[in-house]
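Working notes, beginning with the structure itself.
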Amino acid sequence: MGALLFWGAGAAMVLFTLLTVSSRNPVYSAIWMILSFAATAGLFVLLDAHLIAVVEVLVYAGAIMVLFLFVIMLINLRAEEHEGLRLNPLAILAAATFLALVTRALQDLGPAVGSAPNALQGSPAVVAETLFSRYAVAFETVSVLLLAAILGTVVLSRRSHER
Amino acid sequence: MSGLTDPHAAPSLLPWLILFLPLLSSVLITLFAQKRPMLAALLALAAVWSAFGIAASYLPPVLAGHGEWSLHDSVTWLAADGFIFHYGYLIDGLSLIMLLVVTGVGGLIHVYSIGYLKGDPGMARFFACLSLFMFSMLGIVLADNFFQIFIHWELVGVSSYLLIGYYWRKLSAAEASNKAFLTNRVGDFGFLIGILMLAFATKNLLPPGTGFGDFRAMAAIVGDPAWLATPAFTVAGRWTLTNQAFLWIAGALTFMGVMGKSAQFPLHVWLPDAMEGPTPVSALIHAATMVAAGVFLLARIFFVYLPSETSLSIVAGIGAFTAFFAATIATTQNDIKRILAFSTLSQLGYMVMAMGLRGVDVAMFHLTTHAFFKALLFLGAGSVIHAVHTNDIRQMGGLLRKLPVTGVTFLIGTLALCGVPPLSGFWSKDGILHLSMHPPAYAHSWLITVLPTLTAVLTSYYMFRLVFLTFFGQPRDHHAYEHAHESPFTMVAPMVVLCVLAIVGGQLVGSPETLEAFRAVTRPAGVPEFEPVHADPATIRHALTIFVLGAGAAWLAFGRRLVNPDAIAKLPGVRQLHALFSNRWYVDDVYGWIVRNVQQNVARGCDLFDRWIVIGLFVNGTAWTTRASGALVARYQTGSVRAYAMLFLAGVAALLALVL
Amino acid sequence: MIGLQHWLGLSAVVFTLGLCGVMMRRNVILVMMSIEIMLNAANLALVAFNKHMLPGPDGAVAPDGEVFVFFTIAVAAAEVAVALVIAMLLFRRLDTVNVDDVANLRW
């Protein structure tokens, strides 16, 4: 059962990502990407990381992609003729090499120590307990980072002399 | 660390004062008295006479010491890896006699300079340089090791450069000072190599804590016959160089320093040109003291030369030849100072030859008497020049009437130089001539037995030519003659003092006991005892014969004009000889040719190498390479994000591949 | 059985796809989307690792991987915001969203 879900959601994720990357219309790419995130959320649930799954959908699909769509519409991005995935042999070669290397790295993993799954408790309570105790400083720092991002966005997008 | 043999003296500061008072004077003059020449003169005089006084205070123990007394102290200047360099003083008989000559004659010349340079704008600078010279020279005399003597050797060269180039606005003076310094450097190069060789050969045998090149320690080692026989080093396992052979090579190299400083052939070329300096400089440095430093060095390190007959022969041969060579040139010169300069060269040749014939005592004796009468002669020449404003003896004449004191003292000095008894020159010069006519076995050659006597005849000839043309006869330049007057007291008084010394100096210094007292503490055993000249009829006849031959010829040609010298000079054989002598045997021309054609071409080659290879290849090449490789890499900076992304990927892939 | 290798392999494939997108698309917005894909794949790998960690002494597994993912998501959000603003400004200035047209930082 778990394996089936894995293969299904995994294939879906790969498929949707492929469609995102190769789509000619940017809006279509955004939609495919949302679906890809949905598949990812499913995979997170499979991994018992419930909080992360929900955060994924909320933040990635809900906020980030919406942002992308807004920007696409704002700059009036159309589907152009020469758009799409232009197959660059050098890039394909580089990507294939990379994939090969990583696969090779994975093979060395073998029946390593942590290859048996554990009972991950991904509920918000458990995550929050670790988050606010051990990683409190990082948490605060990230909030400052978000503040900086907000400020940056506001400042950068102001039209200085044109009204 | 002091080694005293004087019972009632504590480690004394006084000898340091001898050395450093003149230096202090020089510094003070430079800092404070540049615009106040009389103050400068006072400071310099005070320094020199104080040094004389301090030196004189050591006379009683030296005279009582029979050559064994010494006073020594030193400080460690530099202690480096395995080498300790000391700076100190060694007062023994040898250094004391030199001290007295340098400070005494020097002091008289300081007094003379006040009158000679009166009104000259650079007078303060002159005294500063003179004090610097005194410091340098006294350092040579007081040095107790090779390191210190070499430093002061160079310092003396610098002082000489400054003083010869005193009238630096005159091109010939500037060139002469360069020539002096460079010629000395050539000699010093050999000197340095010789020092290093000697230090290398003895370094394992020195007692621990001894300074580098300490004279007394090295004298002790070198005097050991067992040491002489041990091999110094072996080349390629087959050729062995014993220490004795090593020693004579080192001795010959060290002698190059003597050749440079004491102007022996072939490094003599600077001395005649050095007459461009003011006359007091010529008197002090180029007659009495600096040029005598070479002779002093030979006496101080005689232990290097005694074991080896080869080096002694070299020394004697060069000395004898120089004496003859210079005398021949002097017969053709017309500049009063140049004649005296060549005369100095000739007398130095005598001293060096005497050293080579193992006559250390008689050489030092002649050094002392020569200092007296040659300084006197130079001061007299300066007085004459001061009066008639020319150096050319062809424009003088009859000056005895106008400059009586100068004339009489000059005449006495000349007689002393010609070795006429009972003046001082007779005792020392005839001592040398006697030695040359009965030389030790290794030196039996006509170069030694005949030439010196011939040279003595020539000496009388050219000196009396000078005297007759300058002081007697009719004046040839009436204008100058009318305006000539005797020199002021400050100039005349030192001349009179030196004249007295030239008369009695022989008996004063020349007794065997005195000369024995003035021996070096580093003197090796085996130097023959001094044979004093006796005033017996045979010797007196010999001396007077030489004098009459030479002076008589001069009197015939220039005194009474019974023989016409110009006509003789045009005779077939004589003409070529005259040309040879008056062109200084063309040695200067040869050197000039070498410099122009050999040295300049080598310099041009080096310049090309420097320009094309060092600068072009290495410096510019490095810059070019850097720039080119930078340009090569900069081509990847396309600005295209995608290209960058691919390069990132390539980098990550490479890292992964490396790690895996 | 689905082991760690499967998860990581999946993550690698998605990552490579995102890489291809970055290298081969001309539109700056699409490039940024591809970067997000890559980040997402990395998050997946992190959580997979967390799932296969050894339990602690009390028997529970520390959710450090999840916390890390939490942070990366936050940072990604901030980064996307600012990057999109910059892209918009670029568009306003140069009237193009083609990455090849903005090659000014070159030698």
Side-chain angles (χ1 to χ4, degrees), chain A residues 13-14 17-26 28-30 32-33 36 64 67-68 71-72 74-115 149 152-153 156-157, chain B residues 76 78-83 236-237 600-660:
Chain A
M13 186 180 177
V14 172
T17 310
L18 190 59
L19 285 167
T20 308
V21 167
S22 60
S23 188
R24 219 183 277 181
N25 190 331
Y28 285 7
S29 293
W32 293 128
M33 196 149 155
S36 161
I64 292 180
L67 196 54
F68 265 111
V71 170
I72 291 172
L74 265 173
I75 61 180
N76 223 350
L77 222 47
R78 295 282 167 76
E80 298 169 36
E81 275 87 66
H82 308 293
E83 256 311 326
L85 200 65
R86 287 177 34 244
L87 292 173
N88 185 346
L90 193 61
I92 304 254
L93 180 66
T97 316
F98 180 76
L99 189 57
L101 282 168
V102 174
T103 316
R104 174 88 175 71
L106 285 178
Q107 278 171 346
D108 286 344
L109 219 49
V113 178
S115 64
T153 316
L156 280 173
S157 60
Chain B
T76 307
L78 187 69
D81 191 29
F83 289 106
Q600 290 301 87
N601 285 328
V602 170
R604 276 186 206 110
C606 291
D607 177 53
L608 275 174
F609 177 78
D610 186 50
R611 213 133 13 104
W612 287 105
I613 300 190
V614 176
I615 295 182
L617 186 63
F618 291 126
V619 176
N620 289 346
T622 314
W624 180 87
T625 311
T626 310
R627 227 179 299 131
S629 52
L632 199 68
V633 174
R635 282 173 43 195
Y636 282 95
Q637 209 167 347
T638 53
S640 153
V641 178
R642 278 202 279 172
Y644 289 171
M646 270 201 269
L647 284 172
F648 283 175
L649 181 60
V652 171
L655 270 173
L656 264 177
L658 261 168
V659 168
L660 295 171

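We name chains A, B, ... by the order of the sequence lines, and we start the count at 1 in each one. These numbers come from the heavy atoms of this one structure, side chains and all, not from hydrogens, waters or symmetry mates.
Residues forming a side-chain contact (heavy atoms from CB on, under 4.5 Å) with I613(B) (at least two apart in sequence, or on another chain): F609(B), L617(B), F618(B). Under the side chain to side chain donor-acceptor pair (under 3.5 Å) criterion, R604(B) pairs with N601(B), not counting sequence neighbours. Annotation: ring-ring contact (aromatic ring centres under 6.0 Å, His included) contacts of F83(B) (sequence neighbours excluded): F212(B).
Residues of residues 644-652 of chain B placed with any heavy atom under 4.5 Å of a heavy atom in chain A are listed by number as M646(B), L649(B), V652(B).
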